[in-house]
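Everything numeric here is computed off the predicted structure, so don't read it as measured data. So that the names make sense, note that chain A is the first sequence line, chain B the second, and so on, each numbered from 1.
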Amino acid sequence: MTSGVRVRFAPSPTGPLHIGGLRTALFNYLFARRRGGTFILRIEDTDVARSTPEYERDILTGLDWTGMRWDEGPDPDNGVDRGPYAPYRQMQRLDRYHEAAAALLAADLAYPCYCTPEELDAERKRQEAAHQPPRYSGRCARLAPEERAAFEREGRRPATRFRVADRTISFDDLVRGRVEIDAANLGGDFVILRADGTPLYHFTVVVDDADMDISHVIRGEEHLSNTPKHILLFEALGHDVPQFAHLPLILNPDRTKMSKRRSQTALSAYIDEGFIREAMVNYLVLLGWSTGTEQEILSLAELEQRFELDHVQKGGAVFDRERLEWMNGQWLRRLPPEELIDRLRPFLERELAAGRIERLPSDGEMRALLPMVHERLPTLAAIGDLVGFLFVDEVPLDRGVLVPKRWDAATTLDGLRAARDTIAGTGPVSFEADELEPALRALAEERGWKAGDLFMAIRVAVTGRTATPPLFDTLVALGRERALARLDRAIGLLEEHAARG
RNA sequence: GCCGCAUUCGUCUAGAGGCCCAGGACACCGCCCUCUCAAGGCGGAGAUCACCGGUUCGAAUCCGGUAUGCGGUACCA
C-alpha cells in the first residue's frame, strides 16, 4: 500500500499557521497521497524563545481544518505523537542531535569552536569593511588539545562547528533542475550546536530527515541556497541524500516574500472571514502549480489523484485575494444546502454575540432562506449582511435611502401607502411571492410608476438596505405582519417629516 | 558585496522549434438576463513572451550575455 515516499511538513511554532506554510504542507501532502507515500508532520520548536504551545495548536488545528490528514506526527485532537519515528517535536529529540553531533566530533567532521559572539562579530565587520564575503575564518579548526584546554580553563564553552569540505555540491532539484554551488561560498564551517548545547536548524532538519527516512524534501525556495549545507550533513551522517523540490515563493503585491507586514498571512484570519477549506486548498494549490490543462476547480480528493511536481512553476506567485474570493464563491455555490447551513451556523452565532441580530434562525428558516442567499454569498461571514434584517426587531431607516433615486418624498409616501394597502389585501394564507408580485406590478402600472422604483421603496422600508435578496421572497421570509409593520414605520417616518414641512 | 534562483496580459497561469502576430482564469469595461444586489451568459480591452545577440528555413520555446527582481549569506527558522 505505502510506497517508499516519505515527505514531511516541518513548521516552527513561532507564529500562527501561515498561508505559505499551508501551501508547502499541501504540496507535500498531495505528493504523498498521489504516490501512495507517507505524510509526516514535525514540529521544529528549537527556537525556544519564540515558540509557543498556542502557535503549535494553531498549526495543528489549521492543518486539520483543510482536510489534510497526516500519517505521523502530533495528533490534531490531543497533540500526542503518533507514528514509528516519535517523538515528532524537536525539543524532545535533543538527545538525538547530541548523539549525532558527538559522532561527527568523533570522526573529526566537526570540532569545538571557542570563538565568542563578539569575536565573530568583529571578524565579520572586518570582512565587510574589506569588501569580502562574510566567512568563518576557521580559527578553531585546528586547535591543539592544549589550546582547547586553555580555553576551557578560561571558562569558555564551545559551540560545535561542522567542517565544510572544499568542493562543489550539486543536486537535481525536482522543480529547478540541476543546481551547483561551490562550497567555498557557504561561509565557512558552520555551527550545528550552540555553546549552550542547543542545536541549530540546519542540523536538526538533517538529523530528523535522516532519522525519519524522508525521501523527498519539498519546501520553499528560501531554502535553496542552504541545501548544499544539508547535503554535506547528510553525507557526513552517512545517510542517503533525499530528493529536493524547492517551491516558488508566495509574494506580497510588491513581489517581495509574503509577509505578515504587508499581507494577511494567518490562515485563521481567512477562516474568520468565512473562506472555506475547499476554496483555500484549491486557490493555494494553483499558486505555483497547474494541472497543465484549463481546469481550475479541483477538490482535495481530485488533487490527490492528479498532483505532480512537474507542473510546478519556478517563479514566485503574487497572492491575489480577489481571485481567492472568486474561488470561495465557486465552492460556496457547490456546497450542498445542509452543508452550507452547518458552516453558516458559527457565523450566525457570531452575529448574535456581536448584537447585530437578536435571535438565531432555526434550521427550518435557514433551509427556506438558502435558495435566496446561496448565489449571493462571497464568504460565510457575509451572511449577516445578507439576511440579518430578518432577525432584528427594527431595521435602521434613513429617509435619504428610503426615497428611490427617481422619486421624491411625496411620491415615496404615496407609493408606500399604496403598497401597504395592496400587501394588506393579500390574505395570510396567500402571502406568497407569486401572489405579491402581480399585485404590486399592477399597482405600479395603474399609478404610472416604474415597478423598479416602487419595489425599491418597499425594499428599503422592510430591510433598511438597497441591496437585498429578491423582494418578494424577502417579504415572504419576513412574514405578512412584520412586513406590514415595517411599512407602517417607514410611512410614519415620512409623514412625520412631511408634517414638519 | 558575494552566492543562488527567477523573468509569458495588472494578477494566477497554458505553452516543452512550426498548431501562438500567444490560449484560459481573476480583476476591468460593455451588452444580455433583471425589482436591487449577486450569480450566470455573451463580447471587449489587455502580453513587442524582460532586453540584446546567436543557433535554425522557422524560437515564447535551444545557447550566450545584460538588466531587473527576489532569496540566501547568523551560536534565526
Side-chain angles (χ1 to χ4, degrees), chain A residues 10-12 14-15 44-47 49-51 113 115-117 120-121 124 127-128 130-136 157-161 173 176 179-182 184-187 190-196 198-202 204-205 220-228 246 248-249 251 253-257 283 286-297 311 313-327 329 333 372-378 382 386 404 437 440-441 444 450-456 458-460 463 465-472 474:
Chain A
S12 288
T14 53
E44 309 217 326
D45 53 359
T46 54
D47 186 345
R50 294 194 297 146
S51 296
C113 172
C115 298
T116 63
L120 294 172
D121 213 46
R124 240 189 313 272
Q127 289 164 336
E128 204 173 314
H131 295 291
Q132 287 169 339
R135 156 173 251 283
Y136 177 62
R157 307 288 308 132
T160 304
R161 268 187 203 274
D173 190 276
R176 276 146 225 282
V179 178
E180 293 192 0
I181 298 180
D182 189 336
N185 295 316
L186 260 28
F190 57 90
V191 175
I192 55 177
L193 248 41
R194 294 183 181 94
D196 68 4
T198 55
L200 256 30
Y201 167 76
H202 292 307
T204 58
V205 76
E221 187 190 337
E222 68 266 31
H223 289 111
L224 188 62
S225 307
N226 293 142
T227 301
H246 286 94
L249 259 23
L251 273 20
D254 65 1
R255 305 203 73 90
T256 53
K257 181 165 109 171
Y283 175 71
L286 259 19
L287 264 192
W289 179 79
S290 75
T291 56
T293 70
E294 282 175 1
Q295 186 185 352
E296 47 190 0
I297 300 298
H311 276 284
Q313 199 81 12
K314 296 187 183 74
V318 174
F319 186 86
D320 180 1
R321 190 196 158 93
E322 306 233 48
R323 198 169 143 84
L324 204 213
E325 284 176 7
W326 168 79
M327 187 67 88
R333 269 164 245 131
M372 58 194 238
V373 302
H374 212 150
E375 305 273 275
R376 273 166 254 268
L377 228 39
L386 256 185
E437 180 164 1
L440 287 164
R441 281 192 188 281
K450 294 198 78 166
D453 293 330
L454 208 220
F455 294 172
M456 182 53 83
I458 302 171
R459 178 192 323 282
V460 175
T463 69
R465 38 178 71 228
T466 56
T468 72
L471 180 61
F472 307 103
T474 298

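- For A/P134, whose side chain is taken as the heavy atoms from C-beta onward, the closest listed nucleotide among B/rC2, B/rU36, B/rU73 is B/rU73.
- The separation between A/Y136 atom OH and B/rC75 atom C1' is 11 Å, rounded to whole Å.
- Looking at A/T291 and A/H311, their side chains never come closer than 4.5 Å, going by heavy atoms from C-beta outward.
- Side chain of A/Y136 to main chain of A/L120: no donor-acceptor pair is present (N/O by atom type, distance under 3.5 Å, no hydrogens or angles).
- Looking at which nucleotide of RNA chain B each of A/D196 and A/E221 is closest to, the 5′-most match is held by A/E221.
- Base-pair partner of B/rC19: not found among the strands shown (Watson-Crick or G-U wobble, both distances under 3.5 Å).
- Within the shown strands, nothing qualifies as a pairing partner of B/rA45 under the Watson-Crick or G-U definition with both distances less than 3.5 Å.
- The partner of B/rC35 is absent, by the rule that a Watson-Crick or G-U pair needs both atom distances under 3.5 Å.
- Distances were taken from every side-chain heavy atom of A/R124 (C-beta onward) to each of B/rA14, B/rA25, B/rC75; the shortest belongs to B/rC75.
- The closest side-chain heavy-atom distance from A/T466 to A/M456 is below 4.5 Å.
- At a cut-off of 3.5 angstrom, the base of B/rC70 holds no donor-acceptor pair with the side chain of A/R255.
- Atom-to-atom, CE of A/M327 to C1' of B/rA27 comes out at 14 Å; the value is rounded to the nearest Å.
- For A/R459 and B/rC35, a side-chain-to-base donor-acceptor distance below 3.5 Å is present, hydrogens and geometry of angles not being considered.
- Comparing B/rA38 with B/rG72, their P atoms are spaced 42 Å from each other, to the whole Å.
- Spacing of P atoms, B/rA6 relative to B/rU13, comes out at 15 Å, to the nearest Å.
- Of the candidate nucleotides B/rG24, B/rC3, B/rA14, B/rC3 has the atom nearest to the side chain of A/N185.
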Begin from the C-alpha positions of A/R321 and A/E325 and carry the test salt bridge (charged side-chain N to carboxylate O under 4.0 Å, His left out) through to its verdict. CA-CA 6 Å; A/R321 190 196 158 93; A/E325 284 176 7; 2.7 Å; yes
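- Counting to the nearest Å, the P atom of B/rA25 and the CG atom of A/L324 are 19 Å from each other.
- In this structure, A/E180 reaches the sugar-phosphate backbone alone: every heavy-atom distance under 4.0 Å involves primed, P, OP1 or OP2 atoms, never a base.
- Heavy atoms of A/H223 sit under 4.0 angstrom from at least one base atom.
- Set against B/rG24, B/rC12, B/rC76, the side chain of A/L287 has B/rC12 as its closest nucleotide.
- Rounded to whole angstrom, the span from the CD atom of A/E322 across to the P atom of B/rC26 amounts to 12 Å.
- Formation of a donor-acceptor pair under 3.5 Å by the A/Q295 side chain with backbone atoms of A/I297 is found in this model.
- Rounded to a whole angstrom, the distance from the C1' atom of B/rU8 to that of B/rG46 is 13 Å.
- Of the N and O atoms on the side chains of A/T463 and A/R459, not one donor lies less than 3.5 Å from an acceptor on the other residue.
- As a whole-Å value, the separation of A/I181 CD1 from B/rG72 P is 13 Å.
- A/P469 comes within contact range of at least one nucleobase, with a heavy-atom separation under 4.0 Å.
- Listed candidates were B/rG23, B/rA39, B/rC70. Nearest to the side chain of A/L249 is B/rC70.
- Between A/R50 and B/rC76 there is no side-chain N or O to OP1 or OP2 distance below 4.0 Å.
- For B/rG4 and B/rG41, the P atoms lie 49 Å apart once the distance is rounded to whole Å.
- To the nearest whole angstrom, the two P atoms, one in B/rA14 and one in B/rC9, are 13 Å apart.
- Between the side chain of A/R255 and the main chain of A/L251, no donor-acceptor pair closer than 3.5 Å is present.
- In this structure, of B/rC35, B/rA6, B/rA77, it is B/rA6 that holds the atom nearest to the side chain of A/K314.
- Looking at every heavy atom in both residues, A/P470 comes nearest to A/M372 through CD-CB, 4.4 Å.
- A/D47 comes within contact range of the sugar-phosphate backbone alone, with a heavy-atom separation under 4.0 Å but no base atom that close.
- Counting any heavy atom pair closer than 4.0 Å across all strands shown, A/T466 reaches a base atom.
- Regarding contacts with the backbone of B/rC76, a side-chain N or O of A/R194 is found under 4.0 angstrom from either OP1 or OP2.
- Residue A/Q313 places at least one side-chain N or O under 4.0 Å from the OP1 or OP2 atom of B/rA14.
- Taking a pair to require two hydrogen-bonding distances under 3.5 Å in either a Watson-Crick or a G-U wobble arrangement, B/rC5 pairs with B/rG69.
- One donor-acceptor pair, N or O on each side, does fall under 3.5 Å between the base of B/rA77 and the side chain of A/N226.
- Look at B/rA60: it lacks any Watson-Crick or wobble partner with both distances under 3.5 angstrom.
- Side-chain N/O atoms of A/K257 include none lying less than 4.0 angstrom from OP1 or OP2 on B/rG69.
- Within the 4.0 angstrom heavy-atom criterion, only backbone atoms of the sugar-phosphate kind lie near A/L200; the bases stay farther away.
- Both A/T256 and A/G187 sit near RNA chain B, but only A/T256 has its closest nucleotide nearer the 5' end.
- Distances were taken from every side-chain heavy atom of A/A467 (C-beta onward) to each of B/rG23, B/rA25, B/rC37; the shortest belongs to B/rC37.
- If you take atom C1' in B/rG10 and the same atom in B/rG54, they sit 33 Å apart, rounded to whole Å.
- Backbone-only contact: A/R333 has heavy atoms under 4.0 Å from sugar-phosphate atoms and none from a base.
- Figure legend. B/rA25 is base-paired to B/rU11; pairs are counted as Watson-Crick or G-U wobble with both atom distances under 3.5 Å.
- For A/R323, whose side chain is taken as the heavy atoms from C-beta onward, the closest listed nucleotide among B/rA74, B/rA25, B/rA6 is B/rA25.
- The CH2 atom of A/W289 sits 13 Å away from the C1' atom of B/rA14 (whole-angstrom rounding).
- Of the P atoms belonging to B/rG53 and B/rC12, the separation is 28 Å, rounded to the nearest Å.
- The listed nucleotides are B/rC76, B/rU13, B/rC75; the one nearest the side chain of A/A159 is B/rC75.
- Using a 4.0 Å heavy-atom distance criterion, A/G315 is classed as a sugar-phosphate-only contact.
- At a threshold of 4.0 angstrom between heavy atoms, the contacts of A/H202 include nucleobase atoms, whether or not backbone atoms are also involved.
- The side chain of A/S290 has B/rA14 as its nearest neighbour among B/rG72, B/rA14, B/rU11.
- Counting any heavy atom pair closer than 4.0 Å across all strands shown, A/T46 reaches sugar-phosphate atoms only and no base atom.
- Looking at heavy-atom distances under 4.0 Å, A/G292 makes contact with sugar-phosphate atoms alone, never a base.
- For the atom pair A/L249 CG and A/E222 CD, the distance stands at 5.5 Å (nearest 0.5 Å).
- No salt bridge links A/E221 with A/K257; every basic N to acidic carboxylate O contact stays at or beyond 4.0 Å.
- Nucleotides B/rU48 and B/rU61 have their P atoms positioned 15 Å apart, rounded to a whole Å.
- Using a 4.0 Å heavy-atom distance criterion, A/A317 is classed as a sugar-phosphate-only contact.
- Using a 4.0 Å heavy-atom cutoff across all strands shown, A/G220 reaches no nucleic acid atom at all.
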